Amino acid sequence: MKTAAIIVAAGRGTRVGGSVPKQYANLAGRSVIAWTLSAFARHEDVTHIQVAIHPDDTELYARATMPASSKLLPPVHGGATRQLSVLKGLEALSGRNIAKVLIHDAARPFVQQTTISTVISALDTDRGALAAVPLADTLKLCDETDHVADTIPRDRLWRAQTPQGFKFDDILAAHTSAAASGRDDFTDDAALAEWAGIPVKLVEDDNGNTKITTNADLTRANLLMNTLLTPHIGTGFDVHRFGPGNHVILGGVEIPHTHALQGHSDADVVLHALTDAVLGALGDGDIGQHFPPSDPKWKGAASHIFLQDAVNRVAIRGGQIANADVTVLCEAPKIGPHRDAIKARVANIMGLQPRRIGIKATTTEGLGFTGRQEGIAAMASVMLLLP
Ligand code: MG
């Protein structure tokens with residue numbers, strides 16, 4: 001049974017200040033929406049993710065979602081209100097045979113896996129389910145002069161959060177008829193469901209699944225996210241021997257040379273060492289285990305496939321790459337003239353800023369196999385931050 005998540009990211013949300021809408025603000029080294037998306041991407045029951053974005057944010061979104069989960073569908077442009085953006089997302093999903101859909105705010109990056117699970121399973125027995133928190137504070141009703149007029153009993157009051165889950169056909173029909181009747185002002189989908197007569201079950205959520213709205217929220221979120229992440233270090237080492245040819249490929253960049261590197265794939269020692277460093281930091285085997293040289297599928301393969309796979313594994317674990325550092329060991333070719341190109345290409349493959357990538361080279365003073373120019377070696381270190 002297919003379950004989709006719609007992530008609502010079309011708002012301008014500039015109350016946090018800064019030059020970008022809050023869903024693209026920096027949260028512990030990634031954008032807020034990148035954290036939100038990885039929470040849904042790594043949930044095993046979520047099969048599709050549909051994001052509704054503002055048309056002005058196309059580039060911000062593309063940067064925020066690199067590398068992209070295979071569950072992520074191309075984004076749709078949202079509408080004038082949150083409600084109309086959700087409708088666009090629902091329409092984009094129709095025809096995909098989706099049974100359940102969760103609708104979630106991009107600005108809630110702390111959503112727990114258990115919350116997603118509970119909302120999905122509530123839909124086995126209910127038509128709608130809403131992640132919500134029972135109120136802990138005493139509520140006051142004020143008069144026109146900001147004095148207390150009344151105290152409101154809180155025992156049946158909850159704060160509505162997201163995700164909010166529904167049977168797909170139900171909520172699409174409700175949204176379509178709300179828009180057709182000229183309503184476009186529902187601030188959440190549970191309110192629209194209520195209007196359409198769909199019963200919505202309250203599912204108790206944790207207090208941490210807050211929405212980042214103000215700059216203070218963002219500061220608090222950064223502090224919290226940083227305490228949830230632990231550094232993990234990984235190292236990689238690779239060697240390939242020289243054979244006949246007129247260029248080598250290092251860090252995905254073709255460099256003219258008197259020889260080529262031999263190997264089952266394109267023999268890119270830089271990308272192979274980096275792949276092993278990422279896998280090492282994840283404690284997830286090595287490149288030979290995930291891409292066995294015995295498999296003809298990888299013959300002549302461009303090695304960015306291996307590194308991108310490793311980087312995706314980091315995203316699936318909800319982690320991020322802090323930095324990567326490489327040393328190439330060879331007498332020739334000279335790496336210096338190609339350093340910036342390699343840095344840019346590796347940064348692109350790993351979805352990082354070039355300043356987070358170190359590319360260095362050294363000779364071995366004529367000593368050993370690299371000194372005798374029998375091949376090229378590369379060493380890599382990677383720092384991951386993992387939840
Ligand atoms: Mg290799």
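Here the structure is a predicted model, which is why all the values come from computation and not from measurement. Both backbone and side-chain heavy atoms feed into the values below; hydrogens, waters and symmetry mates do not. Every number for a ligand or one of its atoms is a count from 1 in the order of the listing.
Between the side chains of S303 and D266, at least one donor-acceptor pair of N or O atoms lies under 3.5 Å.
Among heteroatoms of the N, O or S kind in H272, ND1 lies nearest the Mg ion (ligand 1). In terms of distance to the Mg ion (ligand 1), the nearest N, O or S atom of H240 is named NE2. Closest to the Mg ion (ligand 1) among the N, O or S atoms of D238 is OD2.
The ring of F242 has its center closer than 6.0 angstrom to the ring center of H257.
Taking the side chain to side chain donor-acceptor pair (under 3.5 Å) definition, one finds that T151 meets it with K140, sequence neighbours left out. Remark: D206 pairs with no residue by the salt bridge (charged side-chain N to carboxylate O under 4.0 Å, His left out) rule, at least two apart or across chains.
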